[in-house]
Structure formats: structure tokens, C-alpha cells
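Quick notes on the structure that follows.
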Protein chains: 2
Amino acid sequence: MAKVGIRDVAKEAGVSIATVSYVLNNSRNVRPQTRERVIEAATRLGYHADVNARSLQSRRSYLLGYSWRPLPVNVSSPILDQFIHCMGMAAYQRGYHLLAFPTPSDKDEIQVYQELVSSRRVDGIVLGATNTIDPRITYLSTIDIPFVAFGQTSPEEDFPWVDVDGRKGVRQAVEHLASQGFDRIGILAWPEGSRSGQERLQGYLDGIYEMGQPVREEWIVRVNHNAEEGFQGAMRIMSLPADIRPTALVCVSDLIAVGAMNALYHLGLRPGQDVGVVGFDDMPLADLLVPPLTTLRQPIDQVATLIVDQLMTLIEGEEIPAEKRQISLEPTLVVRASSLKQPLQFPISSTQKETAP
Amino acid sequence: MAKVGIRDVAKEAGVSIATVSYVLNNSRNVRPQTRERVIEAATRLGYHADVNARSLQSRRSYLLGYSWRPLPVNVSSPILDQFIHCMGMAAYQRGYHLLAFPTPSDKDEIQVYQELVSSRRVDGIVLGATNTIDPRITYLSTIDIPFVAFGQTSPEEDFPWVDVDGRKGVRQAVEHLASQGFDRIGILAWPEGSRSGQERLQGYLDGIYEMGQPVREEWIVRVNHNAEEGFQGAMRIMSLPADIRPTALVCVSDLIAVGAMNALYHLGLRPGQDVGVVGFDDMPLADLLVPPLTTLRQPIDQVATLIVDQLMTLIEGEEIPAEKRQISLEPTLVVRASSLKQPLQFPISSTQKETAP
DNA sequence: ACCGTTAAGTTAAACGTTTAACTTTCTGAT
DNA sequence: ATCAGAAAGTTAAACGTTTAACTTAACGGT
């Protein structure tokens, strides 16, 4: 069975191909009766316009490109699949699809983007977790291609993004720990130079300030984004003399929190009961750790929808309204046992509850 | 700057557009000197053929479709991102890209596939984790579109797939547990009706048989693919009278293993030291659990490469050689503390070692 | 020197749509 | 009844490639 084209539909409905096109895109008035006939013919034949022909004509690929940096081994990207899924959905609702391409090695990174744009493969690009100065952004800004980033970089660079407000989130975490009676709160932060790391740290400082405490340098330890360093960082911070040793740890990522909890066990301390722990990301499994991890959940689906919205606006050739161009969303604190002094509840018993205010 | 097209290159090089095309696709002999000139012009102008025009002409989209079923909440798809990444790479090396589309609700699932094919959006389709009879397979078989599945269904259905041999894997796990001195091994299996579940169970039976033991019905508990049920299943199995209670548990997935380990803690038993536990998947974080989880790792990158290979063959209009049409790969046993009787080593200390024979 | 054959280039016709520009038909105000 | 103007439909020209078919140049064997 040969592929059914617009001509077949036209013949079937007894009209010209232009009319078929007008009906199907409803881009012009057509007599209701004719329209009816065309639609009927199209559905009967199971016609769908060849997207390649349409792309050629309209100079649009109806494709959104999304690339993410390959995950270092053992560093799961807790939200990647969720994010792709949401973006795919959002795109689909607008007649678009998602082109997922792995970021190649830094060397030919730009080249791949160039090719993607210059061959008209994609109409717009979503930039995954950017949080540091990024050559891609500089490049994409110079050429004329719509793009939106998940995450901002430095304040000087001006481009459309959607981000999650780590500062507010961490501040919330600190407040929560304080309200649970943890009075000495330390933080495992990222190394300097990371935008979102700096933000989250700032949230910690906000929280401490609000508690009316002075900031203690010894309670701030910087580690990279993996569990191993979380372990070591926690070991370091918890080896302070007993009288100034923190009673709770805020971690800038769940992965770090996992390492930290391991360190606590190693020192004979029980996360939750003895030392409060909060993470960031709400990765899958966060609720299955022992104890289940209190953490900040990012509103991924919202992020995805907003990004696609912005992108569509740009693709239509319009400007994004100023108030929508750079959006900061708040994460949600998901309270689990790791930040409560109550004795350890086993996580998987069906009676367990979670609260996300 | 207007987009540079093949005409621009032709003019720049002083030849006709046909020659440019011939050079760039090297589909016909061209005098070396001319070819040189064309290539030089093309790179200088930064020319990349408009993929939409090319698609229209060649009736190929150079796109591979991949859809996966949306993840139930809290069920991470441990390998999804890895898989997408590997597939994207493999596709790219062959001049292809990956179209990631979320599987819609069952209702209009088929319809979406229809549209995808009928609008020539994709040249081929990769079917994600199929392990039960799947309407998509039936549909895709009837229409004429290349597709390859990751995972087989029932033996009657004949289509190209790549799978991971769960039977061999689980058997290996049983042997390993036995070699560590665990002599009473139970299994948390999936409900009946799942192809891969049945396979993994068979691997368990193989292992028990090899140990020279009879199979005990009480040691086989069926649960769904989540931690909660893993917890309950383990509670059930471990509540057997002390003299016939298993000393080790094989779990058909890491998620179930996580639940099981929680149950063991709940019962005052230490995973590893008291009761051996093995999972399946090597999800991210498997090595960060307490204790780190022994598990079976799927060779995702190989799977991806093979699938793309098969797909490309089909797209070229050729037959897949019989011996490559249905490929079963072996998983690798990754031994960590959860299956060793040694006292618990804390996982994150930098001295820790993993063995993957 | 001639001619057949091959190599190297060119021309022009697709590919399947969208849409501007044109023609025909209908409508209703005078 | 007439006619302007709108509505409905059609024709044909793009969109930017690939590639079959054709032209011209080059080559070598007799």
C-alpha cells in the first residue's frame, strides 16, 4: 500500500489539493459542507501530512532539541527522565517533538550545535542544567536560534531561562530543621563558582541569620557533587569538638546527603534522631533510604511547560514578555524521617506518611 | 545573514549544484581538484544541507523514534537516561538522531504511532522495555515500519529484539550466594505473566537445581516492581519458621531489593552479614545503599548499539541476518557487600572495592 | 585521424506540501 | 436587474535538496 498523499485525499473528496490543505490547517474559510467532505476523506484514508514536505515549505522542523551533559558514572541525573518526559508532552501538545541528542565531547560541542541549527534540524533548543558559564550559551546567542535554558548562569548574561530558586528552598530547609529543634546547622555546599551552589549557600546564610545565629566558617564545607565527597565532607564537619559540632546538616544535593548519612552511621550517629539531614532534588529512592530523606523537590513539570512555552514564543518570532523571560520557581520541602528527631520509622511500612506542605 | 544553501556553495566553487551534491554525498566520481574546491567552499561558508529538503527528496527523516512508558511515581527507570544517551550516540554516528516521544495514554497510543509513521516523522522505532504482550508490536508488525524492541515478549511473536538474559544472570547470582555460604536461598519474583520475570525465576530454579536442592514453594514470593511490595514480600518470606527461613534473597529488581533490605532491618537482621541480598539492574545508587547492593548490571551500551544496528539494516531495506535478529546478552554480576557475610564496611570510604568478574 | 567508451559536469525533474494570486460563485444593497 | 465585494475554490510557484538523463570533454585503440 503506497503512502497516501494530499492528492489522494483531494481526489477522494473531489476538490483541489489546496482546499485540502486549507481545511486541514484551517488556515482559510471553507464551506462547511466541503470541509466535512475533506475531513471525512482524510480520516477514511488515514492521511497525515508528510512532515518533511511541510517542513521544507514552512522552513520549520517542528522539532525541539534537548541535550544534556553525559552523567559521570555513579552520578545519576535524578530528574532527567522525568524532565524529558514532561518536555516531550508539552512539545507534543503544540505539534512539536523532542529531539534528544547527547552532548558530545567538549571539543566538538559547538560544531554539533552549529550543524543542528544550520541544517535546520531543530527550531529551538533547550539547554539542560546550566549553572556555570557555558560556551553553548555564548554561541547560541550569536547565531539566531531560539533557545531557553534550564538554570541561569551569571547575572551578566542575559537570556531566557527557567530556574528553581535554591535560595528560598535551602532557607526553608534551615527553618524546618530549626523548628525541629536542631540548633546547630552545618552545610555541605558545592565548590565556589557554581551559580546555583552559591544560591543555595545564600539560602543557608539567610536561614542562619533568621535564627539569629552568627555564621560559623567551620560549618560550611564545600564538596563536589557525589556521594563520596559527601561522605568525606560530613566526616570532616562532624569531627569538630563535641561542643561546636553541628546537630544537623543541609546538603545541596541528595547525592551528597547520601554520602553524609553514610558518614553519620560510620560515626555511630543516627541520621534523623541524632543528626538532622536534608537533601536537594528528591531523587527517586530518596524516600527509600534509611531513614527516608527529607529533601527539596523541584517542580519539573512546571519547568518543562514554561520552557516549552517560552521556546514556542521565540519560534513564532515574538518577544517573550519581560516578566516571563526569566522565571524562578520555588521548590517544595518534602519532609521525611531524616530531619525528624523521632525514632526511626521503617520507611517502607505502608503506614508511613509524607508531608509536603 | 541569510541561510547558506547549496546554490551559494555552487556559486562560490564555480560549479553546478549537482556537483556540490555529488561531492558532499560522494555519490559519484568528481575530479579531485573540483572536489577540493567544493569542499573548501562548503566549509568556508559553513554549509550544511537542509535536512528537511533532503528528507523530502529521499523520503527519509533520519530520525529514530523512541518511546518509553511513563514511570509510575517513585519507580525510577534506572537505566533510561543511560539508554537514551547510548542510543543517541549510536544513532548520531550513523547520521541519525533520536526522537524521544512520551508514550501517551493507552487509549490513543496506537494512534500516535500511526501518526508518527504516516507523517514520515521517523524512519524506525525503538520499543522500550517490552516484556509482556504489547499492542504496539502487533500494530507495528502489520504496517510496514522498521522496529526493534528492547526485550522480547512471548516466543510466538517473531520480531527483532535485543534482550538481556535474566535467566543466566539470576543463576549466576544464586551460584554466587551459594559460594558465599548462603545455603537457603529465596526469591522475590514478579507476578506471573511477565516474560522477563519468568526468565529470571527460571534462572533461580536453575541455580537451586545446581545446588542439588529441592525447590521450596514457600521460598518463592511474587511481588510487583516497587519497593513497598519488596518490603512486604520479604516480611512474608522471612516470617517462616526459623529452621526453614531463607538465609539469602534474590530479588528480580534493585527496587524490590531495596524494600527487602528495609524489611530485614525491620526484623533486626543485617543485610549481608545475616541475610544475603542480590538485586537486578545496578541502578544508580545501588552502590550507595547500606550495605551497597550486589546486583546484575545490564550492558546498556551494547544493547543500544545493537538495536541501532538492527534498525539501520531494516531501514536500508535489508534483512537482518538470522543470527543477529534476536540477540540475548549476558548481564554482569557486580559483587558488593549485601551478598557477603563479612561485617559491614561502610560504603563510601575510599578504600572500598567493587568486583565485577 | 577516427570513433567508441568512459569520465566529469550540467540541466531539469522530481519529492509533497503551503500559500499567493487568480477565477469563479455567491450575496445582498441599490 | 445590476454590480461591487466577499467567499469559496483552483492553479501554479515556491521550499532546497537528490539524481536520472543529457552534454561535453578526455582518452586510447585501431
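It should be emphasised that the depicted structure is a prediction, and the values quoted were computed from it without experimental measurement.
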query = Which comes earlier along DNA chain D counting from the 5' end, the contact point of Ala53(B) or that of Ser27(B), where each point is its nearest nucleotide?
reply = Ala53(B)

key: Nearest-nucleotide comparison on DNA chain D, the residue closer to the 5′ end among Ala18(B) and Ser58(A)   =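 Result of the comparison: Ser58(A).
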
Distance, rounded to the nearest Å, where [X] contributes [atom1] and [N] contributes [atom2]:
{"X": "Leu56(B)", "N": "dA14(D)", "atom1": "CG", "atom2": "P", "answer": "17 Å"}
{"X": "Arg7(A)", "N": "dA12(D)", "atom1": "CZ", "atom2": "P", "answer": "13 Å"}
{"X": "Arg120(A)", "N": "dG16(D)", "atom1": "CZ", "atom2": "C1'", "answer": "9 Å"}
{"X": "Asp50(A)", "N": "dG16(C)", "atom1": "CG", "atom2": "P", "answer": "7 Å"}
{"X": "Gln33(A)", "N": "dT25(C)", "atom1": "CD", "atom2": "P", "answer": "16 Å"}
{"X": "Leu24(A)", "N": "dG16(C)", "atom1": "CG", "atom2": "P", "answer": "17 Å"}
{"X": "Lys3(A)", "N": "dG16(C)", "atom1": "NZ", "atom2": "C1'", "answer": "8 Å"}
{"X": "Ile6(A)", "N": "dG16(C)", "atom1": "CD1", "atom2": "C1'", "answer": "8 Å"}

Any [X] side-chain nitrogen or oxygen under 4.0 Å from OP1 or OP2 of [N]:
{"X": "Arg31(B)", "N": "dG9(C)", "value": "yes"}
{"X": "Asn29(A)", "N": "dA8(D)", "value": "yes"}
{"X": "Thr34(A)", "N": "dG9(D)", "value": "yes"}
{"X": "Ser21(A)", "N": "dT18(C)", "value": "yes"}
{"X": "Thr19(B)", "N": "dT10(C)", "value": "yes"}
{"X": "Tyr47(A)", "N": "dT17(C)", "value": "yes"}
{"X": "Asn25(A)", "N": "dT18(C)", "value": "yes"}

message = I want to check something: taking the side chain as every heavy atom from C-beta on, are Lys324(A) and Leu306(A) in contact at a cut-off of under 4.5 Å?
response =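 Lys324(A) vs Leu306(A): side chains apart.
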
Side-chain heavy atoms of Cys86(B) within contact of Thr305(B), under 4.5 Å = no

ask   = Should the pair Arg94(B)-Asp309(B) be classified as a salt bridge under the 4.0 Å nitrogen-to-oxygen rule?
value = yes

key: Ionic contact status for Arg325(B) with Asp158(B), cut-off 4.0 Å   = yes

message = By nearest heavy atom, map Arg28(A) and Arg54(A) onto DNA chain C; which one lands nearer the 5' end?
response = Arg54(A)

request  = Quick one: label Val15(A) by what it contacts on the DNA or RNA (base, sugar-phosphate, nothing), any heavy atom closer than 4.0 Å.
outcome  =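 Here Val15(A) touches the backbone only, sparing every base.
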
key: Sole residue of Leu64(B), Leu127(B), Val122(B), Val117(B) in side chain to side chain contact (heavy atoms under 4.5 Å, CB included) with Phe147(B)   = Leu127(B)

key: Proximity to the side chain of Val30(B) - top-ranked nucleotide from dG9(C), dG16(C), dT17(D)   =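 The closest nucleotide is dG9(C).
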
Side chain Tyr22(B) and base dA20(D) donor-acceptor under 3.5 Å = yes

request  = Examine the base of dG16(C) for any acceptor or donor lying under 3.5 Å from a partner atom in the side chain of Arg59(B), and report the outcome as yes or no.
outcome  =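 No.
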
key: Aromatic plane relationship, Phe83(A) with Tyr66(A) - under 30° parallel, 30 to 60° tilted, over 60° perpendicular   = perpendicular

